[in-house]
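Have a look at the structure below before the remarks.
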Amino acid sequence: MGESTKNTEAGLAAAAAVNVDEITARRRMRRSRGADWSRRLVRETRLTVDDLIWPIFIVPGTNISEPISAMPGVNRLSVDRAVEAARMAADLGIPALATFPNVELERRDQTGSLALEADNLINQATRAIKQAVPDIGVITDVALDPFTDHGHDGILRDGEIVNDETVRAIAAAAVHQADAGSDIIAPSDMMDGRIGAIRQALDAAGHQNVAIMSYATKFASACYGPYREAINTSGLLKGDKRSYYLDPSNAMEAVRDAALDVEEGADMLMVKPGLPYLDICRALKDNFGLPTFAYQVSGEYSMVKAADAAGYIDGERIMLETLLAFKRAGCDGILTYFAPEAARLIAKGLG
Ligand SMILES: NCC(=O)CCC(=O)O
């Protein structure tokens with residue numbers, strides 16, 4: 001008999017003689033997992049409709065609902081249709097919408113000057129939604145990328161995104177958004193100093209009650225591809241955004257960046273993208289204790305949709321599992337294109 005065969009036999013004999021009761025005498029973890037009632041009783045984290053923020057895309061015109069091919073099930077909506085969507089979201093119990101404009105290419109320019117127009121598409125949408133559905137929260141993205149002809153979030157001069165001039169433009173755009181009725185200003189540009197600048201500008205304009213949700217840690221991710229189709233910037237973008245978005249390698253830098261936003265007056269923090277950055281969600285919650293949100297971005301949405309359509313996964317279950325994971329990682333809520341679908345499943349008791 002060879003040595004290894006002898007060892008196998010000894011191992012099998014030991015396995016047969018194991019006294020499992022003795023090992024598990026102190027704790028059997030499966031006791032509380034045995035029945036649905038006890039699983040519900042010990043559940044630590046719950047997903048509710050109150051956790052959902054629904055990002056929607058706005059286009060000029062009326063009665064338009066046009067599909068976005070890279071985001072199955074998501075449409076760009078004209079303002080009138082966005083109002084209907086807001087009503088539906090409110091009926092589902094979704095607390096807030098986040099709006100993103102897709103303006104005509106010929107209205108975009110080097111500095112994103114349309115961002116500074118008081119009655120631009122995003123502000124028209126806010127006015128219409130707040131008038132028709134006053135009880136739903138409206139969160140407006142303040143960034144220049146939907147309005148620049150180069151797709152960057154800042155003003156581009158000699159090949160460089162200039163920080164301070166961009167910050168002044170963003171603060172002015174935020175004032176127009178608050179004038180239009182935005183409840184929460186959410187700057188997504190990652191320029192230095194923008195939270196403090198927006199706070200000063202809002203306060204000076206009498207908008208002390210308008211909150212700021214900082215896209216505090218926005219990473220230079222490959223997950224934004226479908227969004228760029230949705231707002232029609234993919235063909236425009238020259239270069240990449242690594243000189244202002246965070247390096248996906250850096251967690252400590254993300255915390256330092258968020259700390260500045262907290263100091264400058266952010267009311268809420270956001271991590272973006274979501275699922276690959278759950279460690280950052282936990283770090284921000286533990287370090288600052290502020291309301292913390294994850295943005296489950298377009299690429300995350302489309303990956304689930306594509307794998308579901310191919311029959312590789314159960315899309316609904318994966319969706320709910322990912323949303324729950326954000327809660328477990330410390331998030332108070334999630335911006336997600338799944339919001340209406342998730343709300344309906346939660347209402348059926350599937351959350
Ligand atoms: N400023 C908003 C976004 O960049 C959203 C990105 C995405 O959904 O991929």
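Residue indices begin at 1 and follow the sequence shown. Because only heavy atoms are used, hydrogens play no part in the values below, and waters and symmetry mates are left out as well, while side chains stay in. First listed ligand is number 1; within each ligand, the first listed atom is number 1.
- Atoms of ligand 1 lying under 4.0 Å from any heavy atom of Ser188, numbered from 1 in the order shown and given with element: 1 (N).
- When hydrogens are left out, the protein atom nearest atom 8 (O) of ligand 1 is Tyr337 OH, 2.6 Å; that is the closest non-hydrogen contact.
- The shell of residues lying under 4.0 angstrom from ligand 1, judged by heavy atoms, excludes Tyr301.
- A cation-pi contact, defined as under 6.0 Å to the ring centre and within 45° of the axis, is absent between Lys241 and Phe219.
- Counting heavy atoms from C-beta outward, Arg228 and Leu237 have side chains that approach closer than 4.5 Å.
- Relative ring orientation between Phe57 and Tyr227 is described as tilted, the plane-to-plane angle lying within the 30° to 60° band.
- Numbered from 1 in the order shown, with element, the atoms of ligand 1 that lie under 4.0 Å from a heavy atom of Lys218 read 1 (N), 4 (O).
- With ligand atoms numbered from 1 in the order given, ligand 1 contributes 1 (N) to contacts under 4.0 Å with heavy atoms of Asp141.
- In this structure, Thr292 and Met270 have side chains that are not in contact, with every pair of non-hydrogen atoms separated by 4.5 Å or more.
- Contact annotation: Glu300 has no heavy atom less than 4.0 Å from any atom of ligand 1.
- Residue contact check: Ser298 has heavy atoms under 4.0 Å from atoms 7 (C), 8 (O), 9 (O) of ligand 1.
- Side-chain atoms of Asp145 and Thr233 form no donor-acceptor pair, as typed in the model, at a separation below 3.5 Å.
- Relative ring orientation between Tyr224 and Tyr245 is described as perpendicular, the plane-to-plane angle rising above 60° on a 0-90° scale split at 30° and 60°.
- Within ligand 1, counting atoms from 1 as listed, the ones closer than 4.0 Å to a heavy atom of Lys272 are 1 (N), 2 (C), 3 (C), 4 (O), 5 (C), 6 (C).
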